[in-house]
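The analysis underlying the following values was restricted to heavy atoms, covering all of them including side chains, and did not include hydrogens, waters or symmetry mates. In this text, all values refer to a predicted model and were calculated from it rather than measured experimentally. As the structure lists them, so they are numbered: ligands from 1, and atoms in each ligand from 1.
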Amino acid sequence: MINIAIDGPCGSGKSTVAKLLAKELNILYLDTGAMYRACGLKAKRMGIDCLDEKGVSSFIYNIDLKVKYENGTQHVYLDGEDVSLAIRENEVSMLASNISSLEIVRKKMVEMQRYVASMQDCVLDGRDICMYVLPNANYKFFMTASAEVRAKRRYEELISRGQTVDYNSLLVEINQRDYNDSHRECAPLAIAPDAEVIDTSNMSIQEVVAHIVNKVRKGEE
Ligand code: DC
């Protein structure tokens, strides 16, 4: 069984890399951030504050959340509705960051993620994969890049989707999310001692993918 774990802050390129890796190695890709985003969206739709543990506990145990692959593309379903686009809206990023700090949410999501990983060869990306979700993964990576490079990537991504954004506010938000994600009590974003750190500030996506594929094909752990 191949389990590849990739952690890193937002904008480090991890989901793009994970997606391409899955294609190249013909294994499943599970985007764990998308799961937290769907939880944030659900809270918003119910009018519940993402940091209100009591409110969140009213739906999290029975959340109807599914990640499916249709023609090689990941789709996230919430209550039967395809929310793949809705969860990418900028507002949902902060909701996801907030709701993911609640232990009840992480427990539920991690249970679902471990189940998926125990059934098939896969690559998971997120914040706590190497140390918490899959501590026994065969391959572990921590992808990063400077906050400025990450804000620029996010800016270009949102602009290309037709959204109106301001680079400086994105940079502030990225720093705030980094702080949130690495200072929460439960499974914070951190570099696993046995993970290889890849700084993507000056690397192309193809270079990163080739590096990981090479390692996996050689069977190096
Ligand atoms: O990777 P992303 O930006 O889609 O993730 C959205 C939020 O979800 C992020 O701010 C932190 C949280 N997250 C997490 O806590 N643990 C994960 N494994 C993945 C994401």
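- Across A5, G33, A187, S15, heavy-atom proximity to atom 20 (C) of ligand 1 is greatest for G33.
- Looking only at protein heavy atoms, the nearest one to atom 1 (O) of ligand 1 is R127 NH1, 3.0 Å.
- Atom-to-atom distance recorded for S15:OG and D31:CG is 6.0 Å, nearest 0.5 angstrom.
- Residue D128 has at least one N or O atom closer than 3.5 Å to an N or O atom of ligand 1.
- Scanning for side chain to side chain contact (heavy atoms under 4.5 Å, CB included) contacts around L28 gives Y69, V116, Q120, C122, with sequence neighbours left out.
- Applying the 4.0 Å criterion to heavy atoms of A96 picks out, from ligand 1, the atoms 6 (C), 7 (C).
- Near K14, the atoms of ligand 1 lying under 4.0 angstrom from a non-hydrogen atom of the residue are 1 (O).
- Close approach to D181 involves these atoms of ligand 1, each under 4.0 Å from a residue heavy atom: 9 (C), 10 (O), 11 (C).
- Contact check on E156 versus K152 returns a salt bridge, with a Lys/Arg side-chain nitrogen under 4.0 Å from an Asp/Glu carboxylate oxygen.
- Protein heavy atom closest to atom 19 (C) of ligand 1, with residue, atom name and distance, is T32 OG1, 3.3 Å.
- Which parts of ligand 1 touch R177 is read off a 4.0 Å heavy-atom cut-off, strictly below it: atoms 3 (O), 6 (C), 9 (C), 10 (O).
- Taking a cut-off of under 4.0 Å to the non-hydrogen atoms of Y36, the atoms of ligand 1 that pass are 8 (O), 13 (N), 14 (C), 16 (N), 17 (C), 18 (N), 19 (C), 20 (C).
- Nearest non-hydrogen protein atom to atom 4 (O) of ligand 1 is R37 NE, 2.7 Å.
- When side chains are defined from C-beta on, V76 does not count as touching M35, because their heavy atoms never get closer than 4.5 Å.
- Between E157 and R88 there is no salt bridge, since no side-chain nitrogen of the basic residue lies less than 4.0 Å from a carboxylate oxygen of the acidic one.
- At a 4.0 Å heavy-atom cut-off, ligand 1 touches R106 through the side chain alone.
- Here the side chain of R184 pairs no donor or acceptor atom with the backbone of S101 at under 3.5 angstrom.
- With a 4.0 Å cut-off on non-hydrogen atoms, R184 touches ligand 1 through its side chain and not its backbone.
- Ionic pairing of K42 and D64 is not present here: no N-O contact between side-chain nitrogen and carboxylate oxygen is shorter than 4.0 angstrom.
- Atoms of ligand 1 found under 4.0 Å from any heavy atom of S100, numbered from 1 in the order shown, are 11 (C), 12 (C), 15 (O).
- Taking CG from L170 and CG from L158, the interatomic distance works out to 6.0 Å, rounded to the nearest 0.5 Å.
- Annotation: salt bridge (Lys or Arg N to Asp or Glu O under 4.0 Å) contacts involving residues 120-147, sequence neighbours excluded, comprise R106-D128, R127-D181, K140-D194.
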